[in-house]
Amino acid sequence: MKVTSDPTMAGNIRPPSAVQENPQKSAAVPGNAGPAVGASGVVVDLRSAIQNLKPGMSYSIGEGYVPSDISAPGNAKIRNVGVANFMNAFSEWSNKLSDYWGKVSDFTKKTLHTSNDEVAVLGGAANDIIRKSLAAGGVVRPNMPAILKEGGAEDPYDPSALANARIGEVSLSRQDDGSGSSTLLSSVSFDRTVDIPDGQMSVVDLDSGDATANSLLASILSGSLSSALSSPDQSGKSGMHRYAVTNGKSGADAVVGAVLFTRSNDDAEVQKAADLYTKLKSLQHA
């Protein structure tokens, strides 16, 4: 039996192999980002399915963004710990994870000041910064119980893997009424090893076409934030305006801390995207 816990499901469980997507993507989180703000955890109780588990079959155990399956090949590890013991521990751990994701969601919404119809998605270093801030206040992700490890379960999305992430990502989307889809409003990629004092920060329009913008574009494309501009997965950012957060200097003295994408080039919207970066940066140095 191979089971994984995936924080991108906000507490749901999915197998390590490919899974079929559900068209409801408003609470999706990319990569190892963690739960989307506003996504509710799913409490999974597998005990009712224990008596029907058969080797080689697949069973649905969750509801939410991605259908969740567990296969039960009847291996020796499961038999050694006992299916009932394994399932009880799994259900209890899932409940704890669900509670944890709720606290992560609430803290992130409060930190980023998102409205009720907005969904914030964290990735890489941004996820790590949020979790460490929570951990400093005593809220930590529950560890996988030993009996699950003994039974062959895996936890490949352990957030400790994000501790060395250099690049952080945060995006803000608005959920569309009734359609189940969402519209990307802004996206921020930042390098947490770059520390630009608040008083020196300047936002440069990368699409202005002037010499400063062109120089910054070339610098970004050869630096740590290159994937923000050159990643093949740019379809959701089509038509968005691009900006760089710098130390206010140009040429070789320019330091880029973040790249911003905004749906509108209105000053208030650009500032809102920049604020996503500064709020996370403030948490990092708290």
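The model shown is predicted, which means the values in this text are computed figures rather than measured ones.
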Next item on the list: Quick one: pull up CG in Leu225 and OG in Ser189 and give me the separation to the nearest 0.5 Å.
Entry: 6.5 Å
Margin query: If the condition is ring-ring contact (aromatic ring centres under 6.0 Å, His included), which residues does Tyr243 pass it with, not counting sequence neighbours?
Written below: none
Check: Nearest 0.5 Å, what's the CG-CG distance between Leu112 and Leu276?
Finding: 5.5 Å
Margin query: Determine whether a donor-acceptor pair (N or O, by modelled atom type, separation under 3.5 Å) exists between the side chain of Ser226 and the backbone of Gly223.
Written below: yes
Next item on the list: Locate the shortest heavy-atom distance separating Ala89 from Ile147; write the atom from each residue and the value.
Entry: CB-CG2, 3.3 Å
Next item on the list: Locate the shortest heavy-atom distance separating Gly209 from Asn214; write the atom from each residue and the value.
Entry: O-ND2, 3.3 Å
Check: Do Tyr277 and Met201 come close enough that some side-chain heavy atom pair is under 4.5 Å?
Finding: yes
Check: OG/Ser208 to NE2/His241 distance, rounded to the nearest 0.5 angstrom?
Finding: 13.0 Å
Next item on the list: Find out whether Phe190 and Ile167 are in side-chain contact, i.e. whether some heavy atom of one side chain is under 4.5 Å from a heavy atom of the other.
Entry: no
Next item on the list: Is it possible for you to say whether Phe261 and Leu185 belong to one hydrophobic cluster, with membership spreading through side-chain heavy-atom contacts below 4.5 Å?
Entry: no
Margin query: Using the rule given for side-chain contact (heavy atoms from CB on, under 4.5 Å), can you reason through Leu172 versus Thr114, listing the C-alpha separation, both sets of side-chain angles and the distance that settles it, and then say yes or no?
Written below: CA-CA 8 Å; Leu172 198 63; Thr114 58; 3.4 Å; yes
Check: Looking only at atom types and distance, does a side-chain atom of Ser91 sit under 3.5 Å from a main-chain N or O of Asn88, one as donor and one as acceptor?
Finding: no
Margin query: When you compare the side chain of Thr246 with that of Leu216, does any pair of heavy atoms fall below 4.5 Å?
Written below: yes
Notebook entry, point to check: Under the 3.5 angstrom rule, does the side chain of Arg166 hit a backbone N or O of Ala125 as a donor-acceptor pair?
Noted result: no
Check: Judged by modelled atom types alone, do Thr193 and Asp191 share a side-chain donor-acceptor pair under 3.5 Å?
Finding: yes
Item checked: Results of salt bridge (charged side-chain N to carboxylate O under 4.0 Å, His left out) for Arg174 - residues two or more places apart only -> Asp117, Glu118
Margin query: Walk me through whether Ile220 and Leu206 qualify under side-chain contact (heavy atoms from CB on, under 4.5 Å).
Written below: CA-CA 10 Å; Ile220 294 170; Leu206 292 175; 4.0 Å; yes
Checklist line | Nearest atoms (heavy-atom pairs only) where Asp266 meets Ala268 | finding: OD2-N, 2.9 Å
Next item on the list: For Gly251 and Ser215, work out which heavy atoms get closest and say how close.
Entry: CA-OG, 4.4 Å
Next item on the list: Would you check if the side chain of Ser105 reaches a backbone N or O of Trp101 as a donor-acceptor pair within less than 3.5 Å?
Entry: no
Margin query: Restricting to salt bridge (charged side-chain N to carboxylate O under 4.0 Å, His left out), what partner residues turn up for Arg242, sequence neighbours left out?
Written below: Asp207
Notebook entry, point to check: Hey, does the side chain of Ser98 reach the backbone of Ser94 with a donor-acceptor pair shorter than 3.5 angstrom?
Noted result: no
Notebook entry, point to check: For the residue pair Gly257 and Val194, what are the closest heavy atoms and their distance?
Noted result: CA-CG1, 3.9 Å
Margin query: For Asn247, give me all partners under side-chain hydrogen bond (donor to acceptor under 3.5 Å, both in side chains), at least two apart in sequence or on another chain.
Written below: none
Contacts table for residues 279-286: side-chain donor-acceptor under 3.5 angstrom, sequence neighbours left out:
unit_1, atom_1, unit_2, atom_2, d
Lys279, NZ, His113, ND1, 3.1
Lys281, NZ, Ile196, O, 3.1
Lys281, NZ, Asp198, OD1, 3.1
Ser282, OG, Thr278, O, 2.9
Gln284, NE2, Arg192, O, 3.1

Margin query: Taking the side chain as everything from C-beta on, heavy atoms only, tell me whether Ile130 gets closer than 4.5 Å to Val104.
Written below: yes
Item checked: Between Asn265 and Glu269, a side-chain donor and acceptor under 3.5 Å -> no
Item checked: Partners passing salt bridge (charged side-chain N to carboxylate O under 4.0 Å, His left out) against Lys249 (at least two apart in sequence or in another chain) -> none
Check: Looking at side-chain heavy atoms only, is the closest gap between Leu229 and Val259 below 4.5 Å?
Finding: yes
Note to self: Are the side chains of Gln271 and Asp275 in contact, using a 4.5 Å heavy-atom criterion?
What the structure shows: yes
Next item on the list: To the nearest 0.5 angstrom, please state how far the NZ atom of Lys103 sits from the CZ atom of Arg141.
Entry: 14.5 Å
Next item on the list: Consider only side-chain heavy atoms of I, L, V, M, F, W and Y, link residues closer than 4.5 Å, and tell whether Val139 and Leu97 are in one cluster.
Entry: yes
Item checked: Co-membership, hydrophobic cluster, residues Leu162 and Val140, 4.5 Å side-chain -> no
Check: Taking atom OG of Ser187 and atom CG of Leu260, what is their separation to the nearest 0.5 Å?
Finding: 9.0 Å
Margin query: Show, in sequence, the C-alpha distance, side-chain angles and deciding distance for Val121 and Val170, and conclude whether the side-chain contact (heavy atoms from CB on, under 4.5 Å) test is met.
Written below: CA-CA 5 Å; Val121 177; Val170 54; over 6 Å; no
Margin query: For Pro142, is there any backbone N or O sitting under 3.5 Å from a side-chain donor or acceptor partner on Trp93?
Written below: yes
Checklist line | Pair Lys132 + Asp128, salt bridge at N-O below 4.0 Å | finding: yes
Checklist line | Interatomic distance, Asp267 atom CG to Thr262 atom OG1 [nearest 0.5 angstrom] | finding: 10.0 Å
Margin query: Looking at Asp210, I want to see if its CG is surrounded by more than 12 non-hydrogen atoms of other residues, nucleotides or ligands under 6.0 Å.
Written below: yes
Margin query: Pair Val188, Glu169 - check side-chain contact (heavy atoms from CB on, under 4.5 Å), show working.
Written below: CA-CA 6 Å; Val188 178; Glu169 299 170 345; over 6 Å; no
Next item on the list: Could you tell me whether a side-chain N or O of Ser222 sits under 3.5 Å from a main-chain N or O of Ala218, the two making a donor and an acceptor?
Entry: yes
